[in-house]
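Note that the structure is a prediction, hence the values are computed from the model and not measured. We name chains A, B, ... by the order of the sequence lines, and we start the count at 1 in each one. The basis for the numbers below is simple: all heavy atoms, side chains too, and nothing from hydrogens, waters or symmetry mates.
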2 protein chains.
Amino acid sequence: MALRVRKSKVSEPPPVCPLTACMKLLGGAWTPNVVWYLRGEPRRFGELRGDIGRISAKVLSARLRQLQASGVVVRNAVAGSPPSFEYELSELGRELVPAIAAIVAVGEKLKRRAVTRPAKAR
Amino acid sequence: MALRVRKSKVSEPPPVCPLTACMKLLGGAWTPNVVWYLRGEPRRFGELRGDIGRISAKVLSARLRQLQASGVVVRNAVAGSPPSFEYELSELGRELVPAIAAIVAVGEKLKRRAVTRPAKAR
DNA sequence: CTGTATCCAAACCGATACTG
DNA sequence: CAGTATCGGTTTGGATACAG
C-alpha cells in the first residue's frame, strides 16, 4: 500500500546496451559527419574538408585516423603525379550509415519545426 | 586529360547538414543513453541511474538539465509523502527515439559480429 | 595538396562530499 | 532518496604554423 511498486522493465532493456558499443565508433561530434560524407564515392582529404565545412584539419585528421583504427574507414593510396589518398567506408562503415541517416532525418524534421514554431515558449 | 575531374556531389549533400543540429541534442556520450532509457514510462532519478548503470550522479544530473533546456525531457513533480520527480520524454524527445534505435540496432549487429568474427585480422 | 605538431580553450566524466 | 558543488583528469576541438 505504502510501497511504491514500480516495474523495472521498460520493455526489457539490455544489461549494457549496444548503444554504447556503437557510440564508441561515433565518438566525437564530427565523427558522424565524416562517415556521412563518406557514404558515397571515395573522397580525398581536401574534398572531405570542403564537404563538411568548418572542420579543422587537425580534427579531420584525428577522426580519420580513429575511424581507420576502428575499421570503419579505409585509406587507399592513389598512384599518380601528385601522390594522394582516398578515404572510403569499409563494410563495417557502411553499416553505420542507416543509423546516421536516421539522425539526419530527425535533424531535418527539427529544422522544419524550428521554422514552423517560433521559439517553443521559453 | 591531365585535369582531375571529380564530381563534388555525392547525392546532393546539404550545405550545413541537419546531422549537426541533431547531434547537438545528443551531446555527450551518456545523452543517448538517458533518452533511450526514458523511451518508456517516466522514470525517477535513481531508477534512471540504476538503468543506465555506471553513470555518476553529477553527469546524469547535468545531462538531464541539458535535455530539459533543449526541450527533450520534461520534469514532473509527483505529489506524495516523499516528494519526488519524474522525468519523461517530450514530444520532441520521442522523435529522437527512432534515431537512437537505429544506432542500437547497429550496435547489436556489431556485437554479434564481434562474436562471430574473431578479430578482424589486425 | 596532404597531413601532422603545438598551444590553448572548452566540454565531458568520475569520485567525493554535502544540502534539502 | 534527489540533486548539486567542487576538484581533477581526459578528450575534443580550433587556430596556427609547419613538414612531405
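Note: CG (B/L64) to P (D/dG3) measures 7 Å, nearest angstrom. In this structure, A/M23 places its CE atom 14 Å from C1' of D/dT11, rounding to the nearest Å. Computed from coordinates, the A/I52 CD1 to D/dG13 P distance equals 11 Å when rounded to whole Å. Taking atom CZ on B/R65 and atom P on C/dA11, their separation rounds to 15 Å, with Å as the unit. Here the C1' atom of nucleotide C/dT19 and the CZ atom of B/F45 are 14 Å apart, to the nearest Å. Rounded to a whole Å, the CG atom of A/L48 is 13 Å from the C1' atom of C/dG3. Rounded to whole angstrom, the span from the CD atom of B/Q66 across to the C1' atom of D/dT4 amounts to 16 Å. Rounded to whole Å, the distance from CZ on B/R63 to P on D/dT4 is 13 Å.
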What are the atom names and distances for every N/O pair under 3.5 Å that joins the protein to nucleotides 8-10 of chain C?
none

Review item, nucleotides 18-20 of chain D N/O atoms under 3.5 Å of protein N/O:
none

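Between A/K109 and B/E95 the shortest side-chain heavy-atom distance falls below 4.5 Å. Looking at heavy atoms from C-beta onward, B/P32 lies out of side-chain contact with A/T20 at the 4.5 angstrom threshold. When side chains are defined from C-beta on, A/N76 does not count as touching A/F85, because their heavy atoms never get closer than 4.5 Å. Residues B/Y37 and B/L48 have side chains in contact (heavy-atom distance under 4.5 Å, counting atoms from C-beta outward). Counting heavy atoms from C-beta on, the side chains of A/W30 and A/I52 come closer than 4.5 Å. Using a 4.5 Å heavy-atom cutoff, the side chains of A/L25 and B/V106 are not in contact. Using a 4.5 Å heavy-atom threshold, the side chains of A/S84 and A/F45 count as separate. Contact of the B/R49 side chain with the B/I55 side chain is registered, since non-hydrogen atoms from C-beta on lie closer than 4.5 Å.
Between the side chain of A/R94 and the backbone N or O of A/E91, no donor-acceptor pair lies under 3.5 Å. B/S90 places no side-chain N or O within 3.5 Å of a backbone atom of B/V74 that could act as its donor or acceptor partner.
Proximity of residues 24-33 of chain B to DNA chain C (heavy atom under 4.0 angstrom from any strand atom) is restricted to B/G28, B/A29, B/W30.
Relative to the six-membered ring of B/Y87, B/R43 misses at least one condition, a distance below 6.0 Å or an angle of at most 45° to the axis.
Scanning for side-chain contact (heavy atoms from CB on, under 4.5 Å) contacts around B/A105 gives an empty result, with sequence neighbours left out. Here B/Q66 pairs with B/T31, B/R63 under the side-chain contact (heavy atoms from CB on, under 4.5 Å) rule; sequence neighbours left out.
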Practice task
I would like to know whether B/S70 and B/L92 meet side chain to side chain contact (heavy atoms under 4.5 Å, CB included); could you show each step before the answer?
Solution key: CA-CA 9 Å; B/S70 53; B/L92 169 63; 5.9 Å; no
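Between D/dG13 and A/R54, no contact under 4.0 Å exists linking OP1 or OP2 to a side-chain N or O. Put simply, B/R44 has no side-chain N or O that comes within less than 4.0 Å of OP1 or OP2 on D/dC1. Distances shown here put a side-chain N or O of B/S56 below 4.0 Å from the OP1 or OP2 atom of C/dG14. Note on A/R75: every side-chain N or O is 4.0 Å or more away from OP1 and OP2 of C/dT2.
When heavy atoms are screened at a 4.0 angstrom cut-off, A/R49 is found touching no nucleic acid atom at all.
Taking five base pairs at each end of the helix from C/dC1-D/dG20 to C/dG20-D/dC1, the local helix axes there meet at an angle of 30°, rounded to 10°.
Of the candidates C/dG14, D/dA2, D/dG14, the closest approach to any side-chain atom of A/I55 belongs to D/dG14.
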